[in-house]
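Residues: numbered from 1 along the sequence shown.
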Amino acid sequence: MILYFSGTGNSLAISRYIAEKLNETVMPLSQAVHHDLSQERRIGLVYPSYWFNAPRAVTELLPRLQLPKEAYVFIVIPCGAQAGNSIHTVQKLLSDKGLKLAYSQKIRVPDNSAVGFGRNPNQQVWKFEKYAERLERIVEEIAAGTQSLHYAWWGPIGALCARPGVQRRTLPMLTPAVNTDLCVGCGICANVCPQDNIALTDGKARCGDNCTQCLACVHFCPHLAVEINGKAVKQEFRYHHPDIKLADMVLR
Ligand SMILES: Cc1cc2nc3c(=O)[nH]c(=O)nc-3n(C[C@H](O)[C@H](O)[C@H](O)COP(=O)(O)O)c2cc1C
């Protein structure tokens, strides 16, 4: 069983690839909390790195999962550059549930957060050049039951990122808000939000206060109505994994 969290499809595409090769099933973490997974012999976790750590959605959902104690557990992190503490944090949560992490690896993919810094993630497609080969190797290692951890513990930098002062300044850079002048109330943002944090009120989308900053709403809004840091994101800067379509995200 491969459990994923994904805002722009990188983690979903990688989960699907691994699942197909290993004859496994894919399930979003948000649904997995409603299933008993205690008979699974292999558990994969695929989620992005956010601010050099695991997304809040992952750290909140993981403790609620019913997981097998004896399974082969692996983590794959699709990230723009660095996994930071995102493996270490989840390894600790797994260990609190009595599970041993057997394998972890990161894989570089176009960085969906680049839009927050005025950079175009679509100009990072060169990352896909090494991706296929690397993903193939990761699959081979998992299939062979390899015990190996890509141990990117960024203790001091992770601690710095978690400081309230740093968070106050950095979090708004990637927190979406709806420009109601541009919103046509199509509901796409609400459907792709994995946190169910967007609702339609009076024909306009509105964000709640449970955003995990996955940026799905920003990248999938066809009207460029979801902005970050008070700025519109240009059409050509909108990114999602090329194999993942809107329907795949809505089906999660
Ligand atoms: C809020 C936020 C923070 C991010 N922080 C990092 C980071 O610290 N390091 C990194 O390499 N990539 C970072 N990224 C990029 C994502 O990890 C990367 O684009 C990932 O593949 C997205 O996965 P998804 O398409 O499944 O949502 C960040 C993205 C977001 C939205």
Linked, directly or transitively: L224 and V115 (ILVMFWY side chains, under 4.5 Å): no
Exceeds 12 heavy-atom contacts within 6.0 angstrom, atom CD of Q39: no
Same apolar cluster (I L V M F W Y, side chains within < 4.5 Å links), V233/V184: no
Derivation of the side chain to side chain contact (heavy atoms under 4.5 Å, CB included) call for M249 and S6: CA-CA 8 Å; M249 302 306 290; S6 186; 4.2 Å; yes
Distance-only polar pair, side chains of Q105 and R134, donor-acceptor under 3.5 Å: yes
Between E136 and Y17: side-chain donor-acceptor atoms closer than 3.5 Å: yes
Considering all heavy atoms, the nearest N112-L215 contact: O-CD1, 3.6 Å
Smallest separation among heavy atoms of I2 and A19, with atom names: CD1-N, 3.6 Å
Residue pair V26 / I18, side-chain heavy-atom distance below 4.5 Å: no
Exercise: do S148 and E141 side chains pair donor with acceptor under 3.5 Å: no
Beyond-backbone contact of I138 with V76, side-chain heavy atoms, under 4.5 angstrom: yes
Non-hydrogen side-chain atoms of S86 and Y47 separated by less than 4.5 Å: yes
Nearest-0.5 Å distance, CG of residue L22 to CD of residue E140: 10.5 Å
Evaluation steps, side chain to side chain contact (heavy atoms under 4.5 Å, CB included), between Q91 and K100: CA-CA 8 Å; Q91 182 184 21; K100 184 173 169 283; over 6 Å; no
Side chain to side chain donor-acceptor pair (under 3.5 Å) between N10 and Y239, worked out: CA-CA 10 Å; N10 289 338; Y239 168 83; 2.6 Å; yes
Heavy-atom side-chain contact between P194 and F5 under 4.5 Å: yes
Residue pair L182 / H223: nearest heavy atoms and the distance that separates them: O-CB, 4.0 Å
Which atom of R119 lies closest to which atom of F237, heavy atoms considered: O-CD2, 3.4 Å
Derivation and outcome, side chain to side chain contact (heavy atoms under 4.5 Å, CB included), residues R108 and F128: CA-CA 8 Å; R108 289 188 76 183; F128 284 131; over 6 Å; no
Euclidean distance, L94 CG relative to I87 CD1, rounded to 0.5 Å: 11.5 Å
4.5 Å side-chain heavy-atom contact, Q124 and D111: yes
Criterion salt bridge (Lys or Arg N to Asp or Glu O under 4.0 Å) on D243 and R16, from CA distance to verdict: CA-CA 10 Å; D243 295 345; R16 283 185 176 174; over 6 Å; no
Side-chain (E24) to main-chain (M1) donor-acceptor, under 3.5 angstrom: yes
Interatomic distance, L135 atom CG to K130 atom NZ [nearest 0.5 angstrom]: 15.0 Å
L29 side chain near Y4 side chain, heavy-atom distance below 4.5 Å: no
Straight-line distance of C183 SG to I188 CD1, nearest 0.5 Å: 10.5 Å
Ring center gap for H88 and F52 short of 6.0 angstrom: no
Point-to-point distance, once rounded to the nearest 0.5 Å, from NZ of K204 to CD1 of I198: 14.5 Å
Atom pair CE (M173) and CG (N229), whose distance is rounded to the nearest 0.5 Å: 6.5 Å
Step-by-step side chain to side chain donor-acceptor pair (under 3.5 Å) determination, Q213 to T175: CA-CA 6 Å; Q213 297 190 313; T175 301; 2.8 Å; yes
Validation row: L45, F74 side chains within 4.5 angstrom (heavy atoms): no
Stepwise side chain to side chain contact (heavy atoms under 4.5 Å, CB included) test for L67 and K97: CA-CA 8 Å; L67 296 172; K97 289 175 80 68; 4.1 Å; yes
Heavy-atom closest contact (Y50 atom, P48 atom, distance): CE2-CG, 3.5 Å
Closest contact, heavy atoms only, V178 versus C207: CG2-SG, 3.9 Å
V58 reachable from L171 in the ILVMFWY side-chain graph, under 4.5 Å edges: yes
Check: L99 and E70 side chains under 4.5 Å, non-hydrogen atoms: no
Pairing of R56 and E60 as salt bridge, 4.0 angstrom limit: yes
Hydrophobic cluster membership, L174 vs L160, 4.5 Å side-chain cutoff: no
